[in-house]
Amino acid sequence: MSGSRPRYYLTTPIYYVNDVPHIGHAYTTLACDALARFMRLDGHDVRFLTGTDEHGQKVANSARAAGMDPQAFTDRVSQNFRDLTDAWNFSNDDFIRTTEARHIRSCQAIWRKLVAAGEIYLGSYAGWYAVRDEAFYGENELQDGPDGKKVAPSGAEVEWVEEPSYFFKLSAWQDRLLAFYQANPDFILPESRRNEVISFVKGGLRDLSVSRTTFKWGVPVPDDPDHIIYVWLDALTNYITAVGYPETESESFQTYWPADLHMVGKDILRFHAVYWPAFLMGAGLEPPRRVFAHGWWTNEGQKISKSLGNVIDPVELVEKYGLDQVRYFLLREVPFGNDGDFNHQAMVNRMNGELANDYGNLAQRVLSMINKNCQAKVPEPGEMTGDDEGFLGSAHGLIGQVRDAMEVQAFHEGLEAVWAMIRAANGYVDAQAPWKLAKEDPARMGTVLYVLAETIRHLAILTQPFMPDASARLLDQLAVPEDARAFACLGPDHALKAGTELPKPEGVFPRYENGEKTEEGE
RNA sequence: GGCGGAGUAGCUCAGUUGGUUAGAGCACCGGAAUCAUAAUCCGGGUGUCGGCGGUUCGAGUCCGCCCUCCGCUACCA
């Protein structure tokens with residue numbers, strides 16, 4: 001199905017199953033979902049991947065604590081993340097799990113490739129290890145305990161241990177990575193993050209331990225079953241597994257790799273922007289085209305943490321405000337890349353002011369007038385004035401502005417461009433006063449309402465990536481066929497046909513009042 | 001400490017390569033309208049553009065110093 005359409009492959013991180021899905025997971029995937037939908041509507045052959053990271057000692061411990069086999073345990077907890085994709089209407093094309101056979105095979109294949117290329121060697125990993133925590137700690141994290149023994153932040157005693165470990169020769173990649181960043185200035189966004197990464201790499205790189213012998217829940221190292229492949233090499237490889245690695249000649253791999261975008265939270269940027277390109281280049285593969293590091297949300301101005309008990313449940317959020325409303329808020333409230341604050345008042349302001357009042361009411365007032373004054377049919381446009389034409393021209397040109405924003409993941413700017421048009425449309429309604437024209441000049445009224453209906457068609461088509469349900473309902477109310485909702489149908493060639501019967505309009509963006517969404521439009 | 005970013009109207013932010021009276025949204029005040037989800041539209045800001053000094057005919061926009069805040073400074077996803 002790829003044909004000659006441009007392809008677009010984008011990924012979320014794979015989420016660690018030891019966590020319960022929270023707003024941060026939903027946010028990352030939401031950003032990808034909006035982008036994936038946008039690209040599909042814009043004619044791209046899109047591949048949108050998300051999934052779960054299911055290996056590691058913490059998972060093994062949790063499974064044991066639950067009295068379960070690790071595989072059965074991960075089968076259960078990874079379901080939480082698949083449920084989230086349904087609850088939030090995510091349109092991912094695939095959901096990968098690191099415990100799947102395809103991934104284990106892929107991991108071992110890239111491992112062999114790196115070994116053959118001389119990028120991996122056997123050494124030993126030494127550090128302060130806390131038996132109680134089953135974890136290593138850095139020297140700077142330790143404190144002196146009684147008896148002069150070192151103590152971990154958790155209070156556990158640590159001891160100096162050495163274990164055999166395979167290492168990836170990251171230290172040899174500094175210059176090549178810097179050259180890569182130089183040659184690809186948009187590889188890391190936002191730009192401030194790019195500076196951080198470059199600064200980090202300039203500071204020198206150490207070889208990276210990529211295997212463990214202290215636990216077993218992972219992908220076995222080929223030809224050395226005492227070791228399992230450690231976290232990042234396992235986890236990051238999912239991005240190529242999902243498009244067919246190690247079958248690099250397959251149609252899938254040829255079509256979709258390198259990925260156009262890895263969307264990540266700012267906390268895991270380094271792994272994606274430093275380790276991952278090095279792994280890939282070391283294995284003779286192309287690095288991805290972009291890594292975008294987005295920010296975090298606070299809750300009513302407070303840092304979110306389990307200990308504070310203010311974690312935001314993405315499913316509850318949607319039940320409270322509505323899915324499209326939450327999707328809109330998260331992508332509109334904050335310049336994408338920055339941190340943001342989720343607070344009730346801001347949510348309601350966006351929901352009522354921008355969705356219900358600006359957008360919803362625009363559609364409702366126009367469609368109602370058509371319903372009452374035009375026999376519920378798309379009116380016949382007469383001669384257009386310069387104002388009409390200029391106004392419609394703005395609607396036709398909107399896609400260009402939104403596209404420019406989306407190409408650099410500036411969701412807030414794309415939405416701002418759409419809202420500038422919505423505000424202008426409300427101004428046009430008032431300036432033309434079609435309710436007056438109904439009595440004085442019905443033909444002119446028809447033209448005005450036609451121009452507005454056509455504008456709303458453009459708006460609804462453009463808001464589909466952000467608010468799929470509400471946008472679809474608006475397009476239904478304009479009787480736009482399902483197959484005429486792509487961006488190719490923007491512009492005059494697919495304009496509404498006069499005489500088309502329209503259903504009775506219904507509100508699509510309820511207001512939030514008195515602690516409840518209004519009944520209407522629910 | 002080192003490197004980097006930021007400090008613009010009450011709030012959140014835009015402000016191309018320096019150039020007419022520094023902008024938007026929200027909030028607030030006043031007016032209009034009444035088609036519409038009590039929604040909409042129009043009008044209204046004397047803002048030390050963090051501070052001081054400098055370059056320039058001219059700086060929010062360049063340079064220096066200072067103040068404040070933030071991010072990064074490796075093997076936990």
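Letters A, B, ... are given to chains in the order of the sequence lines, protein chains preceding strands, and every chain is numbered from 1.
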Worksheet item: Whole Å only: how far is the CD atom of A:E354 from the P atom of B:rC26?
Response: 8 Å
Discussion item. Parallel, tilted or perpendicular: which one describes the rings of A:F167 and A:Y125, with boundaries at 30° and 60°?
Written reply: tilted
Fill in: Rounded P spacing from B:rU73 to B:rU56 in Å
43 Å
Worksheet entry | P atoms of B:rG19 and B:rU12, separation to the nearest Å | 27 Å
Worksheet item: Does the A:N299 side chain pair with the main chain of A:Q302, one donor and one acceptor, at a distance under 3.5 Å?
Response: no
Discussion item. Of the listed nucleotides (B:rA36, B:rC13, B:rC26), which one gets closest to any side-chain atom of A:S368?
Written reply: B:rA36
Worksheet item: Rounded to the nearest Å, what distance is computed from the NZ atom of residue A:K306 to the P atom of nucleotide B:rC76?
Response: 16 Å
Item to complete: Round to the nearest Å and state the distance from A:L205 atom CG to B:rC75 atom P.
Response: 13 Å
Discussion item. Could you go through A:H55 and A:Y230, starting from their C-alpha distance and side-chain angles, then the distance that decides it, and tell me whether this counts as side-chain contact (heavy atoms from CB on, under 4.5 Å)?
Written reply: CA-CA 9 Å; A:H55 288 135; A:Y230 193 51; over 6 Å; no
Discussion item. Closest-nucleotide mapping onto RNA chain B: is A:R270 or A:E416 further toward the 5' terminus? I mean the 5' end.
Written reply: A:E416
Discussion item. Could you tell me the Watson-Crick or G-U partner of B:rC76, where both distances fall under 3.5 Å? Say none if there is no partner.
Written reply: none
Item to complete: Please tell me which of the listed nucleotides, B:rC35, B:rU40, B:rC72, lies nearest to the side chain of A:D430?
Response: B:rU40
Discussion item. Could you tell me the Watson-Crick or G-U partner of B:rG43, where both distances fall under 3.5 Å? Say none if there is no partner.
Written reply: B:rC29
Practice prompt. Using a 4.0 Å heavy-atom cut-off across all strands, classify A:G204 as base, sugar-phosphate, or nothing.
Written response: base
Worksheet item: Looking only at side-chain N and O atoms, does A:K266 come under 4.0 Å of OP1 or OP2 in B:rC72?
Response: no
Worksheet item: Which nucleotide in the list B:rU37, B:rU40, B:rG71 gets nearest to the side chain of A:A356?
Response: B:rU37
Item to complete: Would you mind reading off the distance between A:F167 atom CZ and B:rA74 atom C1', rounded to a whole angstrom?
Response: 13 Å
Fill in: From B:rA77, B:rA36, B:rC75, nucleotide with atom closest to A:Y125 side chain
B:rC75
Fill in: Nearest-nucleotide pick for A:N195, side chain only, options being B:rA74, B:rG5, B:rA77
B:rG5
Discussion item. Taking donor-acceptor contacts at under 3.5 Å, does the side chain of A:N361 reach the base of B:rA36?
Written reply: yes
Worksheet item: Under 4.0 Å between a side-chain N or O of A:W232 and OP1 or OP2 of B:rC75?
Response: no
Item to complete: List the steps and the verdict of salt bridge (charged side-chain N to carboxylate O under 4.0 Å, His left out) for A:E454 and A:R457.
Response: CA-CA 5 Å; A:E454 186 54 9; A:R457 181 178 75 91; 2.7 Å; yes
Discussion item. Going by purine N1 to pyrimidine N3 plus the second Watson-Crick contact, or the G-U wobble pair, all under 3.5 Å, which nucleotide sits opposite B:rA38?
Written reply: none
Discussion item. Say we look at B:rA22 and B:rA27: how far apart would their P atoms be, to the nearest angstrom?
Written reply: 25 Å
Practice prompt. Send over the distance from A:K439 NZ to B:rA33 P, rounded to a whole Å.
Written response: 13 Å
Worksheet item: What distance, rounded to whole Å, do you find between the two C1' atoms, one in B:rC49 and one in B:rG7?
Response: 10 Å
Practice prompt. Measure from CZ on A:R511 to P on B:rA38 and round the result to the nearest Å.
Written response: 7 Å
Response to the item:
By nearest-nucleotide position on RNA chain B, the 5'-leaning member of A:S192 and A:A431 is A:S192
Worksheet entry | B:rG50 to B:rG60 separation - P atoms, rounded to the nearest Å | 10 Å
Worksheet item: B:rA74, B:rA77, B:rU40: which one has an atom nearest the side-chain heavy atoms of A:F200?
Response: B:rA74
Item to complete: Using a heavy-atom cut-off of under 4.0 Å over every strand shown, decide if A:V231 touches base, sugar-phosphate, or nothing.
Response: sugar-phosphate
Worksheet item: When we call it a touch if two heavy atoms are under 4.0 Å apart, what does A:N352 touch: a base, just sugar-phosphate, or nothing?
Response: nothing
Worksheet entry | Among B:rC35, B:rC72, B:rA36, the nucleotide that comes nearest once only the side chain of A:W435 is considered | B:rC35
Fill in: Between B:rG58 and B:rU21 - C1' atom distance, rounded Å
16 Å
Discussion item. Tell me whether A:N361 contacts the main-chain N or O of A:A356 through its side chain, where contact means a donor paired with an acceptor under 3.5 Å.
Written reply: no
Item to complete: Using a heavy-atom cut-off of under 4.0 Å over every strand shown, decide if A:G203 touches base, sugar-phosphate, or nothing.
Response: nothing
Fill in: Rounded distance in Å between the P positions of B:rG25 and B:rU61
25 Å
Discussion item. On the nucleotide B:rU40, are OP1 or OP2 found under 4.0 Å from the side-chain N or O atoms that A:N357 carries?
Written reply: yes
Practice prompt. Step through it carefully: locate the ring centre of A:Y121, locate the ring centre of A:F168, and say whether they are under 6.0 Å apart.
Written response: no
Worksheet item: Distance-only, no hydrogens or angles: does the A:T74 side chain make a donor-acceptor pair with backbone N or O of A:Q71 under 3.5 Å?
Response: yes
Worksheet item: If pairing requires Watson-Crick or G-U wobble contacts with both distances under 3.5 Å, which nucleotide is the partner of B:rU16?
Response: none
Worksheet entry | Who pairs with B:rU55 - Watson-Crick or G-U, where each distance is under 3.5 Å | none
Worksheet entry | Distance in angstrom units between A:I422 CD1 and B:rA24 P, rounded | 19 Å
Discussion item. The side chain of A:E196 is closest to which nucleotide in this list: B:rA36, B:rA77, B:rG71?
Written reply: B:rG71
Discussion item. From the set B:rU40, B:rA77, B:rC3, return the single nucleotide nearest to any side-chain atom of A:S199.
Written reply: B:rC3
Worksheet item: Taking CD from A:E413 and C1' from B:rU16, how many angstroms apart are they, rounded to a whole number?
Response: 13 Å
Worksheet entry | Parallel, tilted or perpendicular: ring planes of A:Y321 versus A:Y512, cut at 30 and 60 degrees | tilted
Item to complete: Searching all strands shown, indicate the nucleotide that pairs with B:rG71 (Watson-Crick or G-U wobble; both distances under 3.5 Å).
Response: B:rC3
Worksheet item: Where the side chain of A:L208 is defined as all heavy atoms beyond and including C-beta, which of B:rC13, B:rU37, B:rC75 is the nearest nucleotide?
Response: B:rC75
